[in-house]
*Asks:* 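Mind looking over this structure? Questions follow.
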Amino acid sequence: MGRLTGADSGPGRLPEPEAIFAAAMALVDASSPSTPLAGPKPLAGRTITISAGGTREALDPVRFLGNRSSGKQGVALAAAALDAGAHVRFLAAHMDVQAPAGVELVQVESALELRDAALEAAVGSDVVIMAAAVADFRPAEVSDTKIKKVNGNDAPVVRLVQNPDILHELVVRRDAAASTQLIIGFAAETGDEDGDVLEHATAKLKRKGCDLLVVNQVGVGRVFGQDQNSVIILSGHGAAPQSAAGSKSDVAAAVIDRISTELSRVRPAT
Ligand code: CTP
């Protein structure tokens, strides 16, 4: 399903290369576990929850507040996690691409829906990766009917309220349960008069309390919807920053690799 070559959408759309690759690898692995194509499976037996895409915050039945997230990085992460042998719970907000075959798919629309899905999926997950672009605000009132313009009247004023910080809530719950779950955040940052990208990212890592923060620099034409990415992985536990660049699949592989290493330190596979 999805947008076709023309303006229409429906079944028949060619899946993303990552999705085709993950499905092919799953078939190869299932038919012959000892095939030389099947590499090591450092995440075998692990469950990873990954959120991806951008939330949509309804204003009325036809309008919403959204963002430019394509979901490509989240899909690449899911494909890399599947490839590493993990069971993947994939929480998909709005995406321009399809979820890879082989994930346990949960589709969500808004930040509040994503929050419920993430808190539920996190239970029993070894790792939670919040790659979704969660809207910080939603309209305070959602109209049941389409808001009409009335000629001669002022345009309506939309009041916003803040959405819950899902990543922070996951960390608080994890800590309350004294669990060894790894929690990874993503941050798209721009420098401004208050600090550069790394300064903002370091402050965010502290505020969120997650184990790793994958940071990319955004600006017009950078990151959103692009196929290439360049990130810095910051550690909440004092390890030196690590950079990774290349296609979103390369970046995903580096992040999943780092997670495998962290996981084997925190809780060796039994
Ligand atoms: N995030 C979340 N819940 C929110 C907002 C963000 O879980 N309400 C998560 C994102 O999925 C991401 C991380 O927090 O993993 C950082 O997202 P970002 O939008 O950069 O953070 P904000 O908290 O919105 O920070 P700011 O607005 O100050 O940049």
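Whatever order the structure lists them in is the order used to number ligands and atoms, beginning at 1. Predicted, not measured: the structure shown is a model, and the values here were computed from it.
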*Asks:* At what distance is the nearest protein heavy atom to atom 16 (C) of ligand 1, and which residue and atom is it?
*Replies:*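 In this structure, atom 16 (C) of ligand 1 has F186 O, 2.9 Å as its nearest protein heavy atom.
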
*Asks:* Using the rule given for side chain to side chain contact (heavy atoms under 4.5 Å, CB included), can you reason through R174 versus L170, listing the C-alpha separation, both sets of side-chain angles and the distance that settles it, and then say yes or no?
*Replies:* CA-CA 6 Å; R174 186 266 318 262; L170 286 165; over 6 Å; no

*Asks:* Is it true that H87 and E104 share a donor-acceptor pair across their side chains at a distance under 3.5 Å?
*Replies:*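 Yes, side-chain donor-acceptor contact under 3.5 Å.
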
*Asks:* Please confirm whether N163 comes within less than 3.5 Å of ligand 1 when only nitrogen or oxygen atoms on both sides are compared.
*Replies:*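 No.
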
*Asks:* For the pair I259 and L182, evaluate side chain to side chain contact (heavy atoms under 4.5 Å, CB included) and give the outcome as yes or no after the intermediate values.
*Replies:* CA-CA 8 Å; I259 287 171; L182 276 179; 4.2 Å; yes

*Asks:* Is there a donor-acceptor pair under 3.5 Å between the side chain of S51 and the backbone N or O of A132?
*Replies:*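 Side chain of S51 to backbone of A132, a donor-acceptor pair under 3.5 Å: yes, one is there.
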
*Asks:* Which atoms from ligand 1 have a heavy atom of M130 less than 4.0 Å away?
*Replies:*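 Within the 4.0 Å cut-off of M130, ligand 1 contributes 7 (O), 11 (O), 12 (C), 15 (O).
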
*Asks:* Out of A131, A93, P164, A135, whose heavy atom is nearest to atom 8 (N) of ligand 1?
*Replies:*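 Among A131, A93, P164, A135, the closest heavy atom to atom 8 (N) of ligand 1 belongs to P164.
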
*Asks:* Would a search of protein heavy atoms around atom 23 (O) of ligand 1 find one under 4.0 Å away?
*Replies:*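 Under 4.0 Å from atom 23 (O) of ligand 1, at least one protein heavy atom found.
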
*Asks:* Would you say the side-chain atoms of D250 and S247 include a donor-acceptor pair closer than 3.5 Å?
*Replies:*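 Distance-only check passes for D250 and S247.
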
*Asks:* What pairs with D116 under side-chain hydrogen bond (donor to acceptor under 3.5 Å, both in side chains), at least two apart in sequence or on another chain?
*Replies:*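 Per chain and number, D116 pairs via side-chain hydrogen bond (donor to acceptor under 3.5 Å, both in side chains) with no residue.
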
*Asks:* Would you mind running through ligand 1 and noting each atom that sits below 4.0 Å from a heavy atom of D136?
*Replies:*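 Answer for ligand 1: 5 (C), 8 (N), 24 (O), 27 (O).
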
*Asks:* In plain terms, say whether K72 and D96 are close enough for a salt bridge, that is, a side-chain N and a carboxylate O under 4.0 Å apart.
*Replies:*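 Looking at D96 together with K72, the answer is no, because their closest N to O distance does not fall below 4.0 Å.
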
*Asks:* Going by the rule side chain to side chain contact (heavy atoms under 4.5 Å, CB included), which residues pair with L205 if we only count those two or more places apart in sequence or in a different chain?
*Replies:*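 Once residues adjacent in sequence are excluded, the partners of L205 under the side chain to side chain contact (heavy atoms under 4.5 Å, CB included) criterion are C210, L213, L234.
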
*Asks:* A187 versus ligand 1: do any nitrogen or oxygen atoms come within less than 3.5 Å of each other?
*Replies:*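 Between A187 and ligand 1, no N or O pair is found under 3.5 Å apart.
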
*Asks:* For side chain to side chain contact (heavy atoms under 4.5 Å, CB included), just list the numbers for E189 and K204, CA-CA rounded to whole Å, side-chain angles, deciding distance to a tenth of an Å, and then say yes or no.
*Replies:* CA-CA 10 Å; E189 297 288 343; K204 185 169 287 181; 2.6 Å; yes

*Asks:* One pair to check against side chain to side chain contact (heavy atoms under 4.5 Å, CB included): V231 and Q242. What are the steps and the verdict?
*Replies:* CA-CA 8 Å; V231 302; Q242 174 193 346; over 6 Å; no

*Asks:* Need the ligand 1 atom indices (1-based, order shown) with element for anything under 4.0 Å from a heavy-atom of G185.
*Replies:*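 Near G185, the atoms of ligand 1 are 15 (O).
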
*Asks:* Nearest non-hydrogen atom to atom 2 (C) of ligand 1 belongs to which of V215, L114, I166?
*Replies:*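 Looking at heavy atoms only, the winner is I166.
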
*Asks:* Looking at A132, which atoms of ligand 1 are within less than 4.0 Å of one of its heavy atoms?
*Replies:*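 Answer, ordered by atom number: 10 (C), 11 (O).
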
*Asks:* Which of the numbered atoms in ligand 1 are under 4.0 angstrom from any heavy atom belonging to D165?
*Replies:*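 What qualifies from ligand 1 is 2 (C), 3 (N), 4 (C), 7 (O), 8 (N).
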
*Asks:* I want to know if ligand 1 touches K204 in the polar sense, i.e. an N/O pair below 3.5 angstrom.
*Replies:*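 Checking ligand 1 against K204, an N or O pair does fall under 3.5 Å apart.
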
*Asks:* Is ligand 1 less than 4.0 angstrom away from at least one heavy atom of K208?
*Replies:*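 True for this residue.
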
*Asks:* Can you tell me if R207 contacts ligand 1 (heavy atom of the residue under 4.0 Å from the ligand)?
*Replies:*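 Yes, that is the case, since the closest heavy atom of the residue is under 4.0 Å from the ligand.
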
*Asks:* For L167, counting its heavy atoms only, list the atoms of ligand 1 lying under 4.0 Å from any of them.
*Replies:*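 Every atom of ligand 1 under 4.0 Å from some heavy atom of L167: 2 (C), 7 (O), 9 (C), 13 (C), 14 (O), 15 (O).
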
